Peer 1: 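One structure is given below, represented as structure tokens, and several questions about it will come after.
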Amino acid sequence: MDKIMSMNGTWNRTDIQGLDEFLVVRGCSYMVRTMAARARETVTFEITAETLTVTKRETKNYTLGEATSEKDVFGNPVITTITFSGDRIIIKQDDESGKFKVTGERWLEDENTLRTVTRIRNQET
């Protein structure tokens, strides 16, 4: 839990790998993929033992283990569930249409590096 609590604060994205492939699976156009690859995201986490607040363009509040209805970055309705597992934040999103399942993990690699790995499964393939 200490490592998770160490993620409190603001983080700047400096590198991203595999974004284009992820966006292709989501059906994004070349233009959207190009703009996304150039974006430099800043994210702020406020973490307690029971909640996670994430601020990017807007602030989202989650209670750990509870399903939250919201819209993903593409504007599609999703059900998001956040949990902690060991020293990782686990994010699961189910597209309400049943087409996609997304799982993300965030953890501290060292005191200055926050890693995120996101996996997507297209239910239609």
Side-chain angles (χ1 to χ4, degrees):
M1 188 66 160
D2 289 340
K3 279 202 168 194
I4 289 176
M5 292 303 194
S6 297
M7 288 185 235
N8 271 310
T10 301
W11 298 86
N12 298 311
R13 182 172 80 187
T14 58
D15 182 40
I16 192 163
Q17 299 171 2
L19 178 64
D20 194 65
E21 293 85 352
F22 176 85
L23 296 175
V24 165
V25 171
R26 287 304 305 254
C28 294
S29 70
Y30 174 77
M31 182 65 76
V32 168
R33 297 190 328 261
T34 301
M35 290 174 17
R38 292 182 181 162
R40 292 295 170 235
E41 179 180 71
T42 298
V43 61
T44 300
F45 296 117
E46 294 175 41
I47 304 166
T48 71
E50 298 161 359
T51 64
L52 172 65
T53 300
V54 179
T55 303
K56 292 182 186 177
R57 289 175 222 81
E58 60 186 61
T59 299
K60 296 181 178 184
N61 299 298
Y62 303 95
T63 300
L64 297 180
E66 288 187 14
T68 302
S69 293
E70 62 180 341
K71 296 208 183 277
D72 67 10
V73 296
F74 306 104
N76 302 312
V78 294
I79 305 295
T80 301
T81 306
I82 309 285
T83 57
F84 295 158
S85 178
D87 62 354
R88 296 177 183 224
I89 298 173
I90 309 297
I91 305 108
K92 292 187 178 184
Q93 279 190 335
D94 294 325
D95 180 85
E96 286 187 356
S97 71
K99 187 174 179 181
F100 298 103
K101 287 190 176 286
V102 177
T103 302
E105 295 183 40
R106 293 181 188 243
W107 71 94
L108 284 177
E109 187 166 280
D110 59 49
E111 66 183 35
N112 296 314
T113 308
L114 176 68
R115 289 282 180 209
T116 302
V117 172
T118 303
R119 295 173 186 86
I120 185 169
R121 186 170 23 156
N122 183 337
Q123 301 295 87
E124 295 181 341
T125 59

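The first residue in the sequence is number 1, and the count goes up from there. Because the structure is predicted, anything quoted here is derived from the model rather than measured.
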Peer 1: In terms of hydrophobic clustering (I, L, V, M, F, W, Y; side-chain heavy atoms under 4.5 Å; direct or indirect links), are Met5 and Phe45 co-clustered?
Peer 2: yes
Peer 1: Say you draw a straight line from CG of Asn12 to OG1 of Thr42; how long is it, rounded to the nearest 0.5 Å?
Peer 2: 4.0 Å
Peer 1: Any side-chain heavy atom of Val78 within less than 4.5 Å of one from Glu96?
Peer 2: no
Peer 1: Using side-chain heavy atoms (C-beta onward) and a distance below 4.5 Å, is Arg26 in contact with Asn76?
Peer 2: yes
Peer 1: Taking Glu105 first and then Arg115, would you say they form a salt bridge - that is, a charged N and a carboxylate O separated by under 4.0 Å?
Peer 2: no
Peer 1: What residue among Thr55, Asn8, Thr10 forms side chain to side chain donor-acceptor pair (under 3.5 Å) with Thr44?
Peer 2: Thr10
Peer 1: Would you indicate whether the side-chain heavy atoms of Thr83 and Leu64 approach each other to under 4.5 Å?
Peer 2: no
Peer 1: Say whether, by atom type as modelled, one donor and one acceptor occur between the side chain of Ser85 and the main chain of Arg88 under 3.5 angstrom.
Peer 2: no
Peer 1: So, taking the atom named OG1 in Thr34 and the one named CG in Asp20, what distance separates them when rounded to the nearest 0.5 Å?
Peer 2: 7.5 Å
Peer 1: Report the distance from atom CZ of Phe84 to atom CD1 of Ile89, rounding to the nearest 0.5 Å.
Peer 2: 5.5 Å
Peer 1: Quick one, Trp107 and Lys3 - any side-chain contact, counting heavy atoms below 4.5 Å?
Peer 2: no
Peer 1: Can you see which heavy atom on Leu114 is nearest to which on Trp11, and at what distance?
Peer 2: CB-CE3, 3.7 Å
Peer 1: How many angstroms lie between atom CD of Glu41 and atom CZ of Arg57, to the nearest 0.5 angstrom?
Peer 2: 6.5 Å
Peer 1: In Å, rounded to the nearest 0.5 Å, how long is the span from CZ of Arg13 to OG1 of Thr116?
Peer 2: 10.0 Å
